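Here's the structure we're looking at; comments come further down.
On a predicted model such as this, the values are computed, not experimentally measured, just so you know. Convention: sequence-line order gives letters A, B, ...; per-chain numbering from 1. FYI, side chains are in, hydrogens and waters are out, and symmetry mates aren't considered; it's all heavy atoms of this structure.
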There are 2 protein chains.
Amino acid sequence: MQADFRQLCADHGIAMTHQRQVLYEVMQGMEGHPSPEEVYALVKKKVPAVSLATVYKNIHLFVESGIFRKMSMHHGSVRVEMNSEDHHHMVCSKCKAITDIGEKELGLSPTQRRLSDGFLVERYSVDVIGLCAKCQKA
Amino acid sequence: MQADFRQLCADHGIAMTHQRQVLYEVMQGMEGHPSPEEVYALVKKKVPAVSLATVYKNIHLFVESGIFRKMSMHHGSVRVEMNSEDHHHMVCSKCKAITDIGEKELGLSPTQRRLSDGFLVERYSVDVIGLCAKCQKA
DNA sequence: TTATCGGACGATAATACTTATCATCTTTAA
DNA sequence: TTAAAGATGATAAGTATTATCGTCCGATAA
């Protein structure tokens, strides 16, 4: 599996380092939209000398090189998307909780590949704003 | 028109002050997604003694009371939506430029009012990620 | 109109998050 | 194996935002 990560790095044109490997594995094991601090805390358990700056730098590197996808909206800090399925987000306007919802379940399948001004579509990202079940009761 | 703003404040349950009125009028005159600093710069021309903190506090107040809508995604700072038409956003994955696109033009009209886990839909906010015309050439 | 009181204001300190700097160490490629 | 390029850790600095607090303003009642 170290070989796997080495290959992944090669495929994405970045150097393979021990810190990056641990960071990648830790992030793979997390769900939802972890913050840099949360990732840092876990990486530190395996590499106590790791620096927060390294975590930030490599999260950005992973995002830029396409290994992970960024989803920073609605949080006060940078977040990375750990759900690799096609999905969107439900955002509660009251408690701000963010829940994933599958593309199919959302029942929204845009097809246009080119929009006004010649904008070339890569993908759609939908936020459904509303009230979660818990906040409806209150 | 001062009476208008007074009424608006009353309708939204907030007190009317000179600073708030100027802030509101300045923001009404801005397009796109101005940052607090940009708003502050303009307000300062009319009320030189205004504090940046007041601008922040009242932008939040306007958003919380429903006078304006927040759209903070993709920017490094809080942004307010000045386009009152129903619309979504096209985000260039290369240059990060954000352009509005009308609801109709997007060709996406979701209808579901209730989603999984009983989530009650208020509205949909769609970000189209892709390449703007300029970045496609380069 | 004036007195009163709660909320709003301005100045600025503090905080949260993120990035920059730089000396040292590790990877990569020859 | 070795030199060059790049990565790391420690920490300073930067950016955006929020908290604090003494003073002042605006809404209400008299």
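- Between C:dT12 and B:S51, no contact under 4.0 Å exists linking OP1 or OP2 to a side-chain N or O.
- Regarding A:Y24, its OH atom lies at a distance of 18 Å from the P atom of D:dA7, rounded to whole Å.
- Remark: A:Y56 is not in phosphate contact with C:dT19, judged by side-chain N or O atoms under 4.0 Å from OP1 or OP2.
- Looking only at distances, a side-chain donor or acceptor of B:S93 sits under 3.5 Å from a matching main-chain atom of B:G130.
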Self-check item: Full working for side chain to side chain donor-acceptor pair (under 3.5 Å) between B:E81 and B:H89
Solution: CA-CA 11 Å; B:E81 184 60 76; B:H89 296 109; 3.0 Å; yes

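- Although no hydrogens or angles enter the test, the distance criterion places a donor-acceptor pair under 3.5 Å between the side chain of A:R20 and the main chain of A:A15.
- At the phosphate of D:dT15, neither OP1 nor OP2 sits under 4.0 Å from any side-chain N or O atom of B:S77.
- Ring centroids of B:F68 and B:Y24 are separated by less than 6.0 Å, placing the two rings close together.
- Considering only side-chain N and O atoms, B:H60 lies under 4.0 angstrom from the phosphate OP1 or OP2 of D:dT18.
- Distance B:N58 CG to D:dT18 C1': 14 Å, rounded to the nearest Å.
- If you measure from atom NE2 of A:H18 to atom C1' of D:dG9, you get 15 Å, rounded to the nearest angstrom.
- Note: NZ (B:K57) to P (C:dC9) measures 7 Å, nearest angstrom.
- Of the side-chain N and O atoms in B:Q19, one or more sit less than 4.0 angstrom from OP1 or OP2 of C:dG10.
- Counting to the nearest Å, the P atom of C:dT28 and the CD atom of A:Q7 are 12 Å from each other.
- Applying the 4.0 Å criterion to OP1 and OP2 of D:dG9, one finds that A:T54 has a side-chain N or O inside that range.
- Contact annotation for A:A49: backbone-only contact, meaning every heavy-atom pair under 4.0 Å involves sugar-phosphate atoms and none involves a base.
- Per the geometry, OH belonging to B:Y40 stands 14 Å off P belonging to D:dT17, to the nearest Å.
- B:R6 has no side-chain polar atom (N or O) that falls below the 4.0 Å cut-off from OP1 or OP2 of D:dG26.
- Take the nearest nucleotide of DNA chain C for B:A15 and for A:P36: the residue whose nucleotide is more 5' is B:A15.
- Each of C:dA11, C:dA8, D:dT17 was ranked by its minimum atom distance to the side chain of B:R20; first place goes to C:dA8.
- We find that CE of B:M16 is positioned 14 Å from P of C:dA8, with the value rounded to whole Å.
- In this structure a side-chain-to-backbone donor-acceptor pair under 3.5 Å is missing from B:R123 to A:I129.
- The side chain of B:V78 has D:dT17 as its nearest neighbour among D:dG26, D:dT17, C:dT18.
- Taking atom CG on A:L52 and atom C1' on C:dT18, their separation rounds to 8 Å, with Å as the unit.
- Each of B:I14 and B:A53 was matched to the nucleotide of DNA chain C holding its nearest heavy atom; the match closer to the 5' end belongs to B:I14.
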